[in-house]
Number of protein chains: 2
Amino acid sequence: MPYDPSAFPPFAVTVDLVVLTVRRHALCALAVRRGEQPFQGRWALPGGFVREDEDLAAAAARELVEETGLLAHDPTLPAPPNGAHLEQLATYGDPERDPRMRVVSVAHLALAPDLPAPRAGGDANSARWAPVESLLDQENAYGREIGHGEPLAFDHDRILADGVERARSKIEYSSLATAFCPGEFTVGELRRVYEAVWGVALDPRNFHRKVTGTPGFLVPTGGTTTRQGGRPAQLFRAGGATVLNPPMLRPDV
Amino acid sequence: MPYDPSAFPPFAVTVDLVVLTVRRHALCALAVRRGEQPFQGRWALPGGFVREDEDLAAAAARELVEETGLLAHDPTLPAPPNGAHLEQLATYGDPERDPRMRVVSVAHLALAPDLPAPRAGGDANSARWAPVESLLDQENAYGREIGHGEPLAFDHDRILADGVERARSKIEYSSLATAFCPGEFTVGELRRVYEAVWGVALDPRNFHRKVTGTPGFLVPTGGTTTRQGGRPAQLFRAGGATVLNPPMLRPDV
DNA sequence: GCAAAAGTGTTGTAACTACACCCATGA
DNA sequence: TCATGGGTGTAGTTACAACACTTTTGC
């Protein structure tokens, strides 16, 4: 029983991705350069049309693989090592958001460990990691490498800001911060993730007690490493816990 | 520069509403009876197609007025008296979710104070408030007034469950519970909202200290009431605070 | 007076902040 | 030996649960 297409307005549906990672102690997002109109040459979030018989989550996972090579995992489970966490963020459907036509975009948020380099057909000029601060802060935009003060294409500034805010609040009460870490990591490396995402300094001693004392958050692998220098640190991997109770406390706010 | 319509698959886009309220000490959702195929005669969430030049939030607000007469307010502000809180919930786009065609539904969550009665063209048999427990609990479904064990139409069971979960967690750390209350209310009435939404009993004495001690949550109006019996209680209205810090603590969980 | 709901006081405990201090490695 | 980061101990504080207890109304 197909519907009369004149009974409802047709929409295009896309997925856009906010892919976040922590590089060199800064929270970074994946940006791609647009090759076509509109906003040709401007930076944008990766994304694309949802296919005819494709679920929204499947479309987001497909785009994620195309842009980063990362596999996504079930968001109800804790992030496994070296896979990305992927979850739906929000949907944006302002009638004016795309000048060509009516497009509704279902934005997704992905959290990834630090990667060698982005890939977008191997073209280094068309995809890169940029600190979210430089992408979003249009006031102090002069002299920065990406964007040069230009906003992102479409409403992607707002989508990126929403994704960053979601990540910042979600690592408070969930174990999601481990999705930014490689398969095995130290407490110090996890702390630097929190510091980069929140933009604050945390007391290393209290942080250590807190995360090792929360049941199911971290499980020791038995190994140690000195890759950060100093005294050898225990290696951990993410435990089964997905929700942190009590939560990590973000200073001030 | 219109787009080539053959370059992307056309979708229908709808908004569906999870409208929650507290009646007779139970968390209730608005359900409407479907008058047409598919799922004719089954209960469903209210909703409808997004119009040609309509924003998603505007479509949700329009549906809310049509079904309840309630005006929606800016979700970034605290809920004003006798208006509904409305926020985007999530988007559902399984290719099989509507047997007729490809439909993507942007679900919204609305929280409303107790209303006289729902209105759907004045037809009392086609729209009503039902306890969410009876709508969702398909195990113990015998003997209940609505649904009689039948799931809701489409994937509305899942949408309703997601909306209820959102409401349950959001009243922990925001002042949203006041959206379930009339313009002026007592601490005891607010406590009964929490008890109904969470399905737990709270200590009235600690609750009172907690909510009156959180700056900006409640502001006294000066009046008192004895409508609940017993000693006269102070009347309050919602304060300017939208985020509760420290949060209300939900027992167990 | 009695029931019912509002509101206050108190005590023990969990969990946090802030900081002093020690440990194990590489250079 | 020193610098560097890893990890433990301890004291003061906040916020909470779990009560006992008092207050003010309607009946």
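Keep in mind that the numbers below use all heavy atoms, side chains included, and drop hydrogens, waters and symmetry copies. Proteins get letters first, then strands, A, B, ... in listed order; numbering begins at 1 in each.
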Can you check the A/Arg250 CZ to C/dC16 P distance for me, whole Å? 16 Å
Could you check whether A/Phe185 and A/Phe236 have their ring centres less than 6.0 Å apart? no
Please find the pair of heavy atoms, one from B/Ala31 and one from B/Trp43, that lie closest to each other, and give the distance. O-CZ3, 3.5 Å
Heavy atoms of B/Val132 and B/Leu20 approach each other most closely as CG1-CD2, 4.0 Å
Does a donor on one side chain and an acceptor on the other come within less than 3.5 Å for A/Tyr173 and A/Asn245? no
Nucleotide D/dA17, atom C1' - distance to CE of B/Met248 in whole Å: 13 Å
Spacing of B/Arg33 atom CZ and B/Arg128 atom CZ [to the nearest 0.5 Å]: 8.5 Å
Nucleotide by nucleotide, nucleotides 22-27 of chain D touches protein heavy atoms under 4.0 Å in the pattern (B base, S sugar-phosphate only, - none) -BBB--
If only side-chain N and O atoms of A/Lys210 are considered, is one of them under 4.0 Å from the OP1 or OP2 phosphate oxygen of C/dA15? no
When rounded to whole Å, the CG to C1' distance for the pair B/Leu249 and D/dT14 reads 13 Å
Under a 3.5 Å threshold, yes or no: a donor from one side chain and an acceptor from the other, between B/Tyr92 and B/Asp16? no
Can you tell me if CZ on B/Arg168 sees more than 12 non-hydrogen neighbours from other groups inside 6.0 Å? yes
Assess whether atom CZ of B/Arg24 is packed by more than 12 heavy atoms of other residues, nucleotides or ligands within 6.0 Å. no
Under 4.0 Å: is that the gap between some side-chain N or O of A/Gln234 and OP1 or OP2 of D/dG7? yes
Given atom CD of B/Glu189 and atom C1' of C/dA6, what is their separation to the nearest angstrom? 12 Å
Length of the CZ-C1' vector between B/Arg227 and C/dA4, whole Å: 17 Å
May I ask you to test the B/Thr91-A/Gln88 pair for a side-chain heavy-atom distance under 4.5 Å? yes
Within residues 190-209 of chain B, which residues have any heavy atom lying less than 4.0 Å from an atom of DNA chain D? B/Asp203, B/Arg205, B/Asn206, B/Arg209
Figure out the NE2/P separation between B/His25 and C/dA5, and round it to whole Å. 11 Å
Can you check the A/Leu244 CG to C/dC16 C1' distance for me, whole Å? 15 Å
